[in-house]
Amino acid sequence: RKWSLDDFDIGDGLGRGKFGRVYQAREKSTGFVVALKVLFKSEVKQPNLARQLRREVEIQSHLRHENILRLFGYFHDEKRVYLILEYASRGELYKILRKYGRFSERRASKYIMQMARALNYLHRKHVIHRDIKPENLLVGERGELKIADFGWSVHAPNSRRKTTCGTLDYLPPEIVEGRDHDEKVDLWSLGVLCYEFLVGVPPFEDLSSQQATFKRISRVDLKIPEHISPGATDLIRRLLKHNPADRLHLDQVLQHPWILEHNPPTAQ
Ligand SMILES: O=C(Cc1cc(-c2ccc3c(-c4nc5ccccc5[nH]4)n[nH]c3c2)n[nH]1)Nc1cccc(F)c1
């Protein structure tokens, strides 16, 4: 199917900051609402960015999971590339987190369960995300999380250097120490995400410097506040292990008492 801009009525601008130029749009023949991401070809001129974009399109267009934002298609005109992305009606998770400060244990465990399911799906396809953090998550119509950005996903195992423009907060020791890494990096990030959902700040944040954060990550300098339940504390501790081999597997996360307690398995 060849798409073009004429197929869409363009609506409001959506994610301004992190996500660049994204607009709500309605496909004219069906009325289906999407998020249309516009990238200027001038911005994607550098060959590695074009390769990065092709890789991201390649990865995301083959993924089908309710907790992973869909890429429906793409097209370009002489100046721009357009991505037809799933519209997440409840917006960006980090804005909701900043508004509430921190989430209840029930809400956090539901989100962590959804993330574990999405990561399980990705890892089975040998895709590691490497950039799980609230800024990359959106919320759908039924309050479900959608992993939205695959800017850093690669096929496992991988030793590519990760030069992050964002914070180090979510990076595991093996990446900050520049060592080889595999999909277990996403298990570490899941632990960081769980901590930030419940506490409101990431566990190794040290606003004095990136170097200080680096040290706290490398030493796994983890302090879990008293108000966090024993179940959540246990799950966080079992994910934030320096040695990737010691981290809880995703199947074990989905069977963890803290997850089951708030998300009883519906009779299948
Ligand atoms: O760049 C992104 C990630 C991405 C996702 C989005 C994005 C941003 C915002 C939304 C929204 C959305 N819904 C909202 C509701 C209220 C307020 C704001 C909202 N944003 N829905 N879907 C989105 C999708 N922009 N960029 N993916 C990408 C890039 C290149 C190739 C590729 F295959 C995928």
Side-chain angles (χ1 to χ4, degrees), residues 1-3 5 7-27 30-77 79-100 111 114-115 118-119 121-122 125 127-155 162 164-166 170 186 189 193:
R1 160 86 210 236
K2 286 297 285 169
W3 295 104
L5 209 44
D7 294 317
F8 300 93
D9 286 321
I10 310 297
D12 300 336
L14 294 170
R16 270 144 324 280
K18 153 123 188 103
F19 285 117
R21 281 168 295 280
V22 190
Y23 302 89
Q24 192 178 40
R26 178 188 305 281
E27 201 278 320
T30 59
F32 193 74
V33 175
V34 295
L36 200 61
K37 175 156 190 168
V38 185
L39 298 154
F40 284 89
K41 286 182 177 175
S42 56
E43 292 167 336
V44 196
K45 220 199 321 277
Q46 302 90 319
N48 65 329
L49 269 183
R51 188 161 28 82
Q52 156 98 33
L53 179 61
R54 265 194 297 279
R55 183 189 322 124
E56 214 174 307
V57 168
E58 186 50 35
I59 288 177
Q60 209 160 336
S61 55
H62 289 92
L63 298 175
R64 297 276 191 286
H65 189 278
E66 71 154 349
N67 299 118
I68 295 174
L69 200 78
R70 279 291 307 282
L71 173 77
F72 296 120
Y74 54 93
F75 56 94
H76 64 92
D77 56 26
K79 280 203 236 107
R80 289 166 288 257
V81 175
Y82 302 87
L83 300 166
I84 310 168
L85 291 157
E86 178 181 0
Y87 176 69
S89 63
R90 296 198 196 177
E92 298 178 77
L93 183 78
Y94 89 93
K95 288 183 181 168
I96 300 169
L97 180 56
R98 295 290 170 268
K99 189 176 122 199
Y100 285 92
Y111 286 159
Q114 292 167 358
M115 290 302 297
L119 289 173
Y121 172 84
L122 285 174
K125 291 177 172 288
V127 173
I128 41 181
H129 191 276
R130 294 202 313 174
D131 207 6
I132 298 296
K133 56 188 174 189
E135 289 78 357
N136 288 341
L137 304 175
L138 292 165
V139 187
E141 186 53 34
R142 293 179 307 286
E144 76 281 16
L145 285 195
K146 305 256 179 195
I147 300 179
D149 207 346
F150 287 80
W152 291 100
S153 49
V154 287
H155 283 90
K162 174 170 175 105
T164 165
C165 51
Y170 274 74
D186 290 336
S189 303
L193 193 69

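Indexing begins at 1, ligand by ligand and atom by atom, following the structure's order.
Residues meeting the ring-ring contact (aromatic ring centres under 6.0 Å, His included) test with Tyr100, sequence neighbours left out: none. Residues meeting the side-chain hydrogen bond (donor to acceptor under 3.5 Å, both in side chains) test with Tyr82, sequence neighbours left out: Asp77, Arg80.
Residue Leu53 approaches ligand 1 through these ligand atoms, each under 4.0 Å from one of its heavy atoms: 30 (C), 31 (C). Counting the atoms of ligand 1 from 1 in the order shown, those under 4.0 Å from a heavy atom of Glu86 are 21 (N), 22 (N), 23 (C).
Separation of atoms CG (Asp7) and NZ (Lys2) is listed at 11.0 Å; rounding is to 0.5 Å. Atom CE of Met115 sits about 9.0 Å away from atom CG of Leu93, to the nearest 0.5 Å.
If you look at Val57 next to ligand 1, the close heavy atoms, those under 4.0 Å, come from the backbone and the side chain alike. When heavy-atom distances to ligand 1 are checked against a 4.0 Å cut-off, Glu56 comes that close through both its backbone and its side chain. Only the backbone of Ser89 comes within 4.0 Å of ligand 1, counting heavy atoms alone; no side-chain atom from C-beta on gets that close. By the criterion of a heavy-atom distance under 4.0 Å, the side chain of Leu83, and not its backbone, is placed next to ligand 1.
For the residues Glu58, Lys37, Lys146, Gln24, the heavy atom positioned nearest atom 26 (N) of ligand 1 is part of Lys37. For atom 9 (C) of ligand 1, the candidate residues are Asp12, Val22, Val38; the nearest heavy-atom contact is made by Val22. Residue nearest to atom 19 (C) of ligand 1, selected from Leu63, Leu14, Val139: Leu14 (by heavy-atom distance).
Looking at ligand 1, you won't find any N or O of Glu92 less than 3.5 Å from one of its N or O atoms.
Heavy-atom contacts from other residues, nucleotides or ligands closer than 6.0 Å to NE2 of His76 number 12 or fewer.
Remark: distances from the non-hydrogen atoms of Leu69 to ligand 1 include one below 4.0 Å.
Between Phe8 and Phe75, the two ring planes are parallel [angle under 30°; tilted spans 30° to 60°].
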